[in-house]
2 protein chains.
Amino acid sequence: MANIAKKVSWSGRGDDRGERTPLLNGDEEVKYNRQLSGGGIFHIGRLSTVDLEEEITPEEDIVRSRPKEIPHNEKLLSLKFESLDYDNSENQLFLEEERRMSHMGFRCLEIRRWVICGLIGFLTGLIACMIDIAVEKLAGYKYFAVKLNIEKYTELGGLSISLILWAVLNSAFVMFGAIAVAFVEPIAAGSGIPQIKCFLNGVKIPRVVRLKTLVIKVFGVICSVAGGLAVGKEGPMIHSGAVVAAGVSQGRSTSLKKDFKIFEYFRRDTEKRDFVSAGAAAGVSAAFGAPVGGVLFSLEEGASFWNQMLTWRIFFASMVSTFTLNFFLSIYHGKPGELSSPGLINFGRFDSDSVQYNLYEIPLFIIMGALGGVLGALFNIINYWLTIFRIRYIHRPCLQVMEAMLVAAVTATVSFAMIYFSNDCQPLGQDNTEEYPLQLFCADGEYNSMATAFFNTPERSVRSLFHNPPGTYNPVTLGVFTLAYFFLAVWTYGLTVSAGVFIPSLLIGAAWGRLFGILLSFIASSQSIWADPGKYALIGAAAQLGGIVRMTLSLTVILVEATGNVTYGFPIMLVLMTAKIVGDYFIEGLYDIHIKLQSVPFLHSDAPPTSHWLTAREVMSSPVTCFNRVEKVGRIVDVLSNTSTIHNGFPVVAHTSENDEPGKICGLILRSQLIVLLKHKVFVERASSRLSQRKLQLKDFRDAYPRFPPIQSIHVSQDERECMMDLTEFMNPTPYTVPQETSLPRVFKLFRALGLRHLVVVDNENRVVGLVTRKDLARYHVGKDGLEELHLAQT
Amino acid sequence: MANIAKKVSWSGRGDDRGERTPLLNGDEEVKYNRQLSGGGIFHIGRLSTVDLEEEITPEEDIVRSRPKEIPHNEKLLSLKFESLDYDNSENQLFLEEERRMSHMGFRCLEIRRWVICGLIGFLTGLIACMIDIAVEKLAGYKYFAVKLNIEKYTELGGLSISLILWAVLNSAFVMFGAIAVAFVEPIAAGSGIPQIKCFLNGVKIPRVVRLKTLVIKVFGVICSVAGGLAVGKEGPMIHSGAVVAAGVSQGRSTSLKKDFKIFEYFRRDTEKRDFVSAGAAAGVSAAFGAPVGGVLFSLEEGASFWNQMLTWRIFFASMVSTFTLNFFLSIYHGKPGELSSPGLINFGRFDSDSVQYNLYEIPLFIIMGALGGVLGALFNIINYWLTIFRIRYIHRPCLQVMEAMLVAAVTATVSFAMIYFSNDCQPLGQDNTEEYPLQLFCADGEYNSMATAFFNTPERSVRSLFHNPPGTYNPVTLGVFTLAYFFLAVWTYGLTVSAGVFIPSLLIGAAWGRLFGILLSFIASSQSIWADPGKYALIGAAAQLGGIVRMTLSLTVILVEATGNVTYGFPIMLVLMTAKIVGDYFIEGLYDIHIKLQSVPFLHSDAPPTSHWLTAREVMSSPVTCFNRVEKVGRIVDVLSNTSTIHNGFPVVAHTSENDEPGKICGLILRSQLIVLLKHKVFVERASSRLSQRKLQLKDFRDAYPRFPPIQSIHVSQDERECMMDLTEFMNPTPYTVPQETSLPRVFKLFRALGLRHLVVVDNENRVVGLVTRKDLARYHVGKDGLEELHLAQT
């Protein structure tokens, strides 16, 4: 049956029953409880702690006995995800409002949109700046303390004390981060990119764009990066930007109990999506100093409809974001006005003269791309199994925190061991760029080269791999480092901490890329152009990252912008393309894997190619619960309260009785609209008495957005049940419809291009025969033997 | 009434009656002739000279008396433009074919698409390379000859002979180009960007993607650039790329009478559009060395639906294109493998160290942006009046050729006068980059600075303005040059020659930008960062170009890629944004002006904001000519032959009689499909006798695409008129429909997002009440006093 109900079980907020599973750790146990509607009392008064998404807390513990192992099957499509309304419900109220607005009014709206985008960019840039400074400070203290300790014990002996200090410091940082994430806001785990992809795709992920999520995310990412995990702070910026955008554009925060009474026009999913796109772009922009890349990221992942003004606004937000970051960092670094840090990660300057590549290097780049594809696929496969393991066995918050701490300690230990057993000493140059050169057992005036890679924040390590002069690293160091860091990074991604996978991927790739370059220069030592291992480090980094995330155009541009030089555009494109083709042969990209493991009904940009066999008749849900134009309140309440088949959209038909033939469609009304109508008791019988009262306005719907109360919270008396409700004014009178014979690709195109939530299927008499929703389309996908259908599951 | 007929008058090919008006010189006389269908005999056998668009030559001269002045009113919407079918007609034949195809089959298709994109990129790159070499050679000979002559007569006196030589050489080159364009293929005039915008938007511009157009375009652009006009060769590359794409993707050329029998699957508008996007992107990429900019250009101008794979393919074509150009130019320059010319225009290397900008320069950039907006608007306004003048008075090809020659001669004269009267002598440095330094009256070892700007191809002049060291030009020279070149460029754009406006715009902007920089350094001479006038030249160039064309994101990226350095991303964005906002206050962008002057029904990305007042009922055309499922051949022939109301799409209804109430919709059939059916005589009565014959296949439709014969060429006997035709198998059984109450923005969104050509409006019984086509939507636009409606005109 059509549309899915609000579910309360997933990452439910019951106190500490080990109930929470973060977004991307699926929870396949059937927690769905049909008795919920009978006995459940919902706290809708608790708006003070919630922000931008709805929250319903079931008081009773509906799942008391919890099995140790949670089975998981990724061939499922969860029914618990709602869709967002990316198609405006153009009912009479809406049209009246639009018609009242003058040309000037639309201009003002447009200006307001620009102001909001500017604000989004500014705030995102500020947050990036804050994260950067906090991480730098904390990591600085940590490395300083450990360095002193190591220096002390190198002479005395007993370096194991240094190791313990390091491991404890790391674990402590990570513990704070993991506790915040696991116990307070599990949705803040990971990079947030899969969640934002889903949001832009039209799937409602609970609490993903809340202020609280943002706070935890920022805190978490500072802790995990400072804690020395193999993670980056760039991915989370995208999520942060999106939250900022969702918050600013709505002009209110229920967490802070503050409604600024501005931007009320933008309180609907359509507008919010546009701003969230801008926020995500601003996040990318601040993370990599890549404003164009940010725009392309948003477009590639989200917006299906290209609108010139929207794109330009998104670009504006991106530009403001990188500029803000740059400006404040320049002040922080004591050189106000010198705009040299456009992003959190700075690849450093690739000078134009040294970065020429030659035609005969292109086959080499393609080989590196293929290698990156294979290594990326390996990364994804290992992480896939690890994630399934985590879903099954590590679903309690305390276990999750412990795992995170364990990884932190192991990371420190491995790093320490690497440094300890490495005997790669390099002379300390005059223009030494190492922040914390560890001398250890090296001679005076030399430093341990392995420490450059391990005893440092990953961003700095990437930069030194790109730019340190040839000969800085010996091949064995690089090889061992690649291997160790690869497995650390695989293990780390998916932990219950806020962290991104971009930087570790770049670091792994840069390491083996540089190794590749060094080996090449051994083979052909005469030609100086081969001798620049930094170039190969860059190509390797691109290959590895491309192999893992499989982004295409946007990633090319991000990398080009991050290097600050377009010369490498062509090689980077070739490498990313090869990596994607090779990687796709084995397994999907990392983000898609995690989205799939969550059974999210994600719609790709095209229907599966072989789906012309199917028509709307086969994919639609039927029969459909319809309402009459003038419907009895009792029936509406009953339908909304029925928890076995929870719908969110109802076709409104002319003259239908319960068991009769289907009626002719005359509109579509949403659950949320009905709820507001019931709450305001807009009954026909009251119309006369309501003459003195004000008429229901669009504002009432906007005020309730986006957290409409559940039906159980609305009290309807027995008398009122006999009243009638006239839906004419509130329903969307012109829903999109398709005939039953429409092929699936055609339905898909309509659905995706317009961002629909419900598509009514009618017969040739315009009678409602079915309803197509997101899950009806998302369940078809191309498997190994052609078209496959995913099973639908309540969880 | 709905859909517009094929018209024969516009840029008709009647022999030499002064009939031809090139695409963007409208022709407002009512040439439409209702008797056409009666007496006109159409030559449909002349396929040998036609390529990718249909061509119908009326033998009789339907417009014999021609007024001297052609009135023009831009508040018109022409009915003579057909739409393209960017929505697949999913009839039974199509579905059967798709269903027959295996998963492997779709893979092969996808690979073929990649191969085609690679070919498009390769050929576009080759063409760019050819143009570049030809222009360089020809211009080289010209300047060499003139230089020798000037040197000779500087001593002897009598420089007027040199002037005459220069003017004659220029005029001769331009004459060849103009004759080719004006007499052979008027559509090849101008840059072709407005035409490609229209094509991607879904408007069928006759002959725009033909091989012949490409040949004339390439020849024309070589002539006009070599002829020293104030034009660039970059804009035409976009058109050239699009033609290459349209040709390659269809796997045949009727000009060359060659059908390669490949890529037959792609013979429809939907697929062709995707390839043309790729071609346009490849063109941008080859022109500016800006592959990402090319992709963004295509997306900004054309594709409304973002599809990840498509975008990636477009990017591939772009990359191959710039790479091919780079590769072949490196061979030509004798340094194979040194990839240093990614585009036709090379901005030269902006070295990272010298290009830092400072925070306090940003207000200056914004001021320059505003200045660019004002100057751009001025350019557009003058050009607008000039274009109207040309439409009215200069519509004969011989006049057009003469005007072009006049402009060429004047350009030479002005240049010569400037050089002659300039006394700005500069020392000839060691590392002199001037190709043709003119000594003239300067001392030995010095050269005339004005000649650097005028006695050179515009590309070289731009580069020297960007990169020559401070002090190369004196302010007066720059001021005079700006002024002179501005008016030359305004006059030149719109001539009947193939030429682009990018380079002249950049050149004007670079000149006043450099002037701005020099003046600034006078004011604040102490700070060295102000002293780099090259930076201000770049910003000025961006401002001027932005002020004229008003492109946004794509132009930012194009400029960033052309400079090879992302440092200037933020200033360039600011400047372009300011220029657009300021310029839009006065007048639209240049391309939009020319599209509007042609009365093209162009659909922008959004409906006008204040159009919620209107519903489908008001905008639709009605009554609609419908057909029955099984229709009499005679009626079909009559309807198709009726020239007073020429439709291209017909709803198919169940059981309707001519004067009855409207029937229930059951499909939609296109004129082109009916023509093919009539041609193959697919009549019910012949079904029994056709048992031995093969069934009509999709291939038959594809073979006829895109030049379906006119109805008049199909002979239907009196007996056959009594036969019946069953349309069920060929009609699209699931056309998109909307109810009458749907608001205009909602109709617009559906229409634009899906690339529709016909949208059927139905009542609540699913009976056809109207049809919405492109012109019904395009005629509403926002004027000064709110929503305005354009008048529809047959011409």
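Lettering follows sequence order; numbering is per chain, from 1. Just so we're clear, the structure is a prediction, and the values are computed from it rather than from any experiment.
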query: Do you know the tightest heavy-atom contact between A/H612 and B/F94?
result: CE1-CE2, 3.7 Å
- request: Report yes if the side chains of A/L296 and B/L296 come closer than 4.5 Å at any heavy-atom pair, otherwise no.
  value: yes
- prompt: Side chain, backbone, both or neither: which part of B/P735 has a heavy atom under 4.5 Å from chain A?
  reply: backbone
message: Quick one, B/E300 and A/T311 - any side-chain contact, counting heavy atoms below 4.5 Å?
response: no
message: For the interface with chain A, which of B/E561, B/E765, B/M577, B/E741 has the highest count of heavy-atom pairs at distances below 4.5 Å?
response: B/M577
message: Counting heavy-atom pairs closer than 4.5 Å to chain B, which one of A/R99, A/M101, A/H604, A/M309 comes out on top?
response: A/R99
Structural part of B/P291 lying under 4.5 Å from a heavy atom of chain A: neither
field: Under 4.5 Å from any heavy atom of chain B - which part of A/S102
entry: backbone
message: Can you confirm whether A/F315 sits close enough to B/T556 that some side-chain heavy atom of one is under 4.5 Å from a side-chain heavy atom of the other?
response: yes
- line: So, the part of B/Y736 with a heavy atom under 4.5 Å from chain A: the answer is both
task: Kindly compute the distance separating OG1 (A/T610) from CZ (B/F106), expressed to the nearest 0.5 Å.
output: 6.5 Å
- prompt: Do you know which of B/E110, B/R107, B/M319, B/Q740 has the most heavy-atom pairs under 4.5 Å to chain A?
  reply: B/M319
- prompt: Based on non-hydrogen pairs under 4.5 Å, which of B/P739, B/P609, B/G289, B/P608 is most in contact with chain A?
  reply: B/P609
statement: Bottom line for B/T615: the part with an atom under 4.5 Å from chain A's heavy atoms is side chain
Between B/V738, B/V292, B/N766, the one whose heavy-atom pairs under 4.5 Å with chain A are most numerous: B/N766
Heavy-atom pair count under 4.5 Å with chain B, highest-scoring of A/P733, A/P745, A/A616, A/S743: A/S743
task: With rounding to the nearest 0.5 Å, note down the distance linking CZ in B/F323 to CD1 in A/I362.
output: 3.5 Å
field: Selection from A/V557, A/T737, A/D87, A/I665 maximising heavy-atom pairs under 4.5 Å formed with chain B
entry: A/D87
- request: Kindly compute the distance separating CZ (B/F570) from OG (A/S318), expressed to the nearest 0.5 Å.
  value: 11.5 Å
field: Heavy-atom donor-acceptor pair, A/R746 side chain to B/E90 backbone, under 3.5 Å
entry: no
- line: If one checks every heavy atom of B/L750 against chain A at 4.5 Å, the contacting part turns out to be both
field: Residue part contacting chain A, namely of B/N88, when any heavy atom lies under 4.5 Å
entry: backbone
